[in-house]
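First comes the structure, then the notes that go with it.
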Amino acid sequence: MRLHSLVVAGRFAVAAVAVAAGTASAHEILHEVQRGKAVAVRVYESDGDPVAGTTFEIFSPAEPAKPWQTGRTDRAGWLAFVPEVPGTWRVRVIEPTGHGLDVGVEVAPPAPAEKAAGASPPAAASAPVSSAAFILRPLLGLAAIGVVFAALFLAWRKKGPPTRP
Amino acid sequence: MHLPDGFLSPQISLPAWAVAVPFWAWGARRHFGREAAESLPVMGSLTALAFVIQTILIPVPGGTSTHLTGVTLLAILYGPLAAMVCEGLVLLIQALFFGAGGVTVLGVNALAMGLLGPLAGWLAWKLLRGLSEKAALFAAGWLSMQVSTLAVVGALALQHWLDPLYFPVAPAVTLVAMGVPSLTVAGVVEGLYAVFALSLVRKANFRGVEA
């Protein structure tokens with residue numbers, strides 16, 4: 001009798017452990033941290049202000065018709081994604097005003113050693129626009145406009161006034 | 001207001017190019033020929049000024065920004081087609097060298113900011129200048145900005161209706177996000193700019209300025 005009670009208790013214990021394990025696996029969210037896996041993109045206005053809290057979409061080269069990831073830039077204008085395949089990942093940042101960004105971010109295939117270690121493909125880094133460029137770029141635009149109008153003006157001056165029939 | 005590449009599908013951007021190119025050709029032939037040589041320095045200066053003021057971002061509540069177009073004055077002085085050609089040049093330089101606005105959508109941007117807006121401003125100037133010149137100039141600048149904004153909103157709304165994958169923001173949100181800054185800030189500053197800039201041009205007494 002006593003043995004029977006022990007067997008029943010043992011079965012209850014096993015069942016309880018099994019249920020507890022199952023419940024835990026259904027509800028517990030685990031995590032791992034891997035550094036250097038993500039591609040980070042900072043989005044900013046031409047005056048240097050971050051494009052913060054703005055909707056973005058990321059498209060994988062493996063599935064270009066459906067967003068791989070959507071979200072909003074953080075308050076410093078950053079967005080990030082973890083590429084699973086190499087190629088050109090399309091990043092779109094969409095302001096409701098129609099301003100925005102639609103660029104391709106190149107992700108290179110991982111080196112063999114990195115591949116063995118399970119690292120994601122690295123992305124090519126791009127340098128931010130320097131503060132000097134904020135001044136020089138408008139000057140470049142002004143120069144281009146000046147060249148177009150000056151060339152036209154000089155060309156017509158050289159030919160002289162139009163002859164009237 | 002400068003739409004970038006990728007926000008509009010070829011269903012909109014290609015017809016817009018097809019409409020814009022004849023206007024550019026017509027405007028170039030009419031306003032940039034040999035007989036217009038005297039007005040080219042002023043036109044070039046105003047185009048350069050328009051380029052500069054389009055790069056100045058005016059912050060508006062909500063974390064976004066707006067800017068002027070500065071081409072209404074070109075429409076008032078030389079006609080809407082001249083404004084279309086000059087704004088086309090500005091947009092091309094911005095798209096090629098600065099990433100502000102796209103090349104594929106250049107036709108849409110030029111029709112909105114270079115033709116429809118300045119045309120509305122020019123009409124307002126023609127209608128109201130008899131009443132008060134300064135009020136007419138202000139109204140021209142303000143109206144030009146509203147029409148340009150509405151044209152861009154219309155293009156984005158049409159795109160959302162055709163295929164929201166290109167532009168996922170609902171038209172009502174776009175209308176509010178673009179319309180409120182345009183009505184309250186950009187339009188007012190554009191109107192003031194038109195008044196101020198024309199008075200400066202007249203004081204300078206440039207050759208080739210008729211208005």
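Source: prediction; values computed, not measured. Sequence lines set the chain letters: A, B, ... in the order given, protein chains first and strands last, and positions in each chain run from 1. Both backbone and side-chain heavy atoms feed into the values below; hydrogens, waters and symmetry mates do not.
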Item to check | Residue among Val153(B), Leu8(B), Ile93(B) with most heavy-atom pairs under 4.5 Å to chain A | outcome: Ile93(B)

Item to check | chain A contacts, top residue of Thr55(B), Leu175(B), Asp5(B) (heavy-atom pairs, under 4.5 Å) | outcome: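 The candidate making the most pairs under 4.5 Å is Asp5(B).
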
Item to check | Any side-chain heavy-atom pair of Val43(A) and Thr54(A) under 4.5 Å | outcome: no

Item to check | Heavy-atom check, side chain of Tyr193(B) versus side chain of Ile53(B), under 4.5 Å | outcome: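 Contact flag for Tyr193(B)/Ile53(B) side chains = yes.
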
[X] side chain vs [Y] backbone, donor-acceptor pair below 3.5 Å:
X: Glu190(B); Y: Thr69(B); answer: yes
X: Thr47(B); Y: Ser45(B); answer: no
X: Trp142(B); Y: Ala186(B); answer: no
X: Asp102(A); Y: Phe7(B); answer: no
X: Trp17(B); Y: Thr104(B); answer: yes
X: Thr73(A); Y: Val51(A); answer: yes
X: Trp68(A); Y: Pro64(A); answer: no

Out of curiosity, [X] [atom1] to [Y] [atom2], how far, rounded to the nearest 0.5 Å?
X: Leu46(B); Y: Leu74(B); atom1: CG; atom2: CG; result: 5.0 Å
X: Trp122(B); Y: Tyr78(B); atom1: CH2; atom2: OH; result: 16.0 Å
X: Phe81(A); Y: Phe56(A); atom1: CZ; atom2: CZ; result: 9.5 Å

Checklist entry - Do Ser60(A) and Glu84(A) meet the criterion of a side-chain donor-acceptor pair at a distance under 3.5 Å? => result no

Next on the checklist: Looking only at the side chains, is there a donor atom on one of His2(B) and Gln54(B) sitting less than 3.5 Å from an acceptor on the other?
Outcome noted: yes

Is there any residue in [range] with a non-hydrogen atom under 4.5 Å from a non-hydrogen atom of chain A, and which ones are they?
range: residues 161-173 of chain B; result: Leu165(B), Tyr166(B), Phe167(B), Pro168(B), Val169(B), Val173(B)
range: residues 80-90 of chain B; result: Cys86(B), Leu89(B), Val90(B)
range: residues 143-152 of chain B; result: none

Item to check | Contact summary for Ala124(B) and Ala140(B), nearest pair of heavy atoms | outcome: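 Nearest heavy atoms, Ala124(B) then Ala140(B): CB-CA, 4.1 Å.
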
Next on the checklist: Restricting to non-hydrogen atoms, name the atom on Phe153(A) and the atom on Ala37(B) that form the minimum distance, rounded to 0.1 Å.
Outcome noted: CD1-O, 3.1 Å

Checklist entry - Who in residues 144-152 of chain A is close to chain B, using a strict under-4.5 Å heavy-atom cut-off? => result Ala144(A), Ile145(A), Val148(A), Phe149(A), Leu152(A)

Item to check | side-chain contact (heavy atoms from CB on, under 4.5 Å) between Val108(B) and Ile12(B), intermediate numbers included | outcome: CA-CA 8 Å; Val108(B) 175; Ile12(B) 295 176; 4.1 Å; yes

Next on the checklist: The test is side-chain contact (heavy atoms from CB on, under 4.5 Å); show your working for Leu79(A) and Asp74(A) and say whether it passes.
Outcome noted: CA-CA 7 Å; Leu79(A) 62 91; Asp74(A) 70 14; over 6 Å; no

Next on the checklist: Out of Gly53(A), Pro96(A), Pro67(A), return the one with the most heavy atom pairs under 4.5 angstrom to chain B.
Outcome noted: Pro96(A)

Item to check | Side chain / backbone / both / neither for Leu101(A) at chain B, heavy atoms under 4.5 Å | outcome: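 The backbone, not the side chain.
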
Next on the checklist: Between Leu156(B) and chain A, with a heavy-atom cut-off of 4.5 Å, which part of the residue counts as in contact: side chain, backbone, both or neither?
Outcome noted: side chain

Next on the checklist: For His67(B), which atoms come within 4.5 Å of any heavy atom of chain A: side chain, backbone, both, or neither?
Outcome noted: side chain

Checklist entry - Should we say atom CZ of Arg30(B) is surrounded by more than 12 heavy atoms from elsewhere, each under 6.0 Å from it? => result no

